[in-house]
Amino acid sequence: MDDPVGPSGAAIISALKQARVRHIAALPDITTSAGLLWPLSEDPDLTLIRLSKEDEGVSICAALSYCEKRAVLLMQQTGLMDSLNNIRAVACEYEQPVCMVVGLLGKEPDKAPTESASYGVRIVEPVLDAMEIDHILIENTDDVAQLPDTIDRAYDTSRPMVALIGRRVEP
């Protein structure tokens, strides 16, 4: 975790396409906006669905799965925490493949999320573990390689997943 360079937005977009994701439901967040959200909004192969609240993205992603369309919800951890009841009901109890890419705002680059000085960052992984939600941590471009398989597993098992983005996404 000593590499200060964050993951490449282009690599994340490529990984999403490799996982056959074509819809992105999103709210801006400082961790992913410049390097990921803005490039996604200009990609002709992807449809960006702008949200006013994160929990509506949970329902939109679940509904798209019924239409055999793959989607990802892009937000920061504050929105994840705000959406836990909808994630619990729709994604966990109704067993829907809601895939989320979550920027960890305030996470220090030299620390694991559970070691962060930020309470809001520190509790994310334990909460996901308690909810039995599959999650990965993306700290650099090499970590992005996990994303397609994790998304495929979510759709194969009809379970939610979260990709935590631990560093600012580079353009």
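Here, residue 1 is the first one in the sequence, and each next residue gets the next number.
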Enclosure of K69 NZ (heavy-atom neighbours >12, cutoff 6.0 Å):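 No, because the 6.0 Å sphere around NZ of K69 holds 12 heavy atoms or fewer from other groups.
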Taking atom CD of E68 as the centre, report whether more than 12 heavy atoms of other residues, nucleotides or ligands fall under 6.0 Å from it.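 Counting other residues, nucleotides and ligands, CD of E68 stays at 12 neighbours or fewer.
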Would you indicate whether the side-chain heavy atoms of [Y] and [X] approach each other to under 4.5 Å?
| X | Y | value |
| --- | --- | --- |
| H135 | D129 | yes |
| Y155 | C99 | yes |
| I87 | I133 | yes |
| E132 | C92 | no |
| E139 | K107 | yes |
| E125 | V162 | no |
| E54 | L80 | no |
| L84 | V127 | yes |

Is there a path from [X] to [Y] through hydrophobic residues (I, L, V, M, F, W, Y) whose side chains come within less than 4.5 Å of each other?
| X | Y | value |
| --- | --- | --- |
| L74 | L147 | yes |
| L73 | V90 | yes |
| M75 | L40 | no |

Under a 3.5 Å distance rule, please check whether [X] uses its side chain to pair with a backbone N or O of [Y] as donor and acceptor.
| X | Y | result |
| --- | --- | --- |
| Q96 | S65 | no |
| R167 | P109 | yes |
| S14 | A11 | no |
| S33 | P28 | no |

Do E170 and S8 get their side chains close enough for a donor-acceptor pair, meaning under 3.5 Å?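 E170 vs S8: no donor-acceptor pair found between side chains.
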Going by side chain to side chain contact (heavy atoms under 4.5 Å, CB included), I165 matches just one of D143, I12, L105, L104. Which one?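 Of D143, I12, L105, L104, side chain to side chain contact (heavy atoms under 4.5 Å, CB included) with I165 is met by I12 alone.
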Please find the pair of heavy atoms, one from V121 and one from Q77, that lie closest to each other, and give the distance.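 Looking at all heavy atoms of both residues, the closest pair is CG2-NE2, 3.6 Å.
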Search all heavy atoms of C61 against all heavy atoms of A25 and return the closest pair with its distance.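 Of all heavy-atom pairs spanning C61 and A25, the closest is SG-CB, 4.2 Å.
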As a quick check of understanding, evaluate side chain to side chain contact (heavy atoms under 4.5 Å, CB included) for L37 and V169, giving each step before the final call. CA-CA 10 Å; L37 180 56; V169 176; over 6 Å; no
Going by an N to O cut-off under 4.0 Å, is there a salt bridge joining R159 and D134?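 Salt bridge flag = no for D134 with R159.
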Should the pair R22-D43 be classified as a salt bridge under the 4.0 Å nitrogen-to-oxygen rule?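 No.
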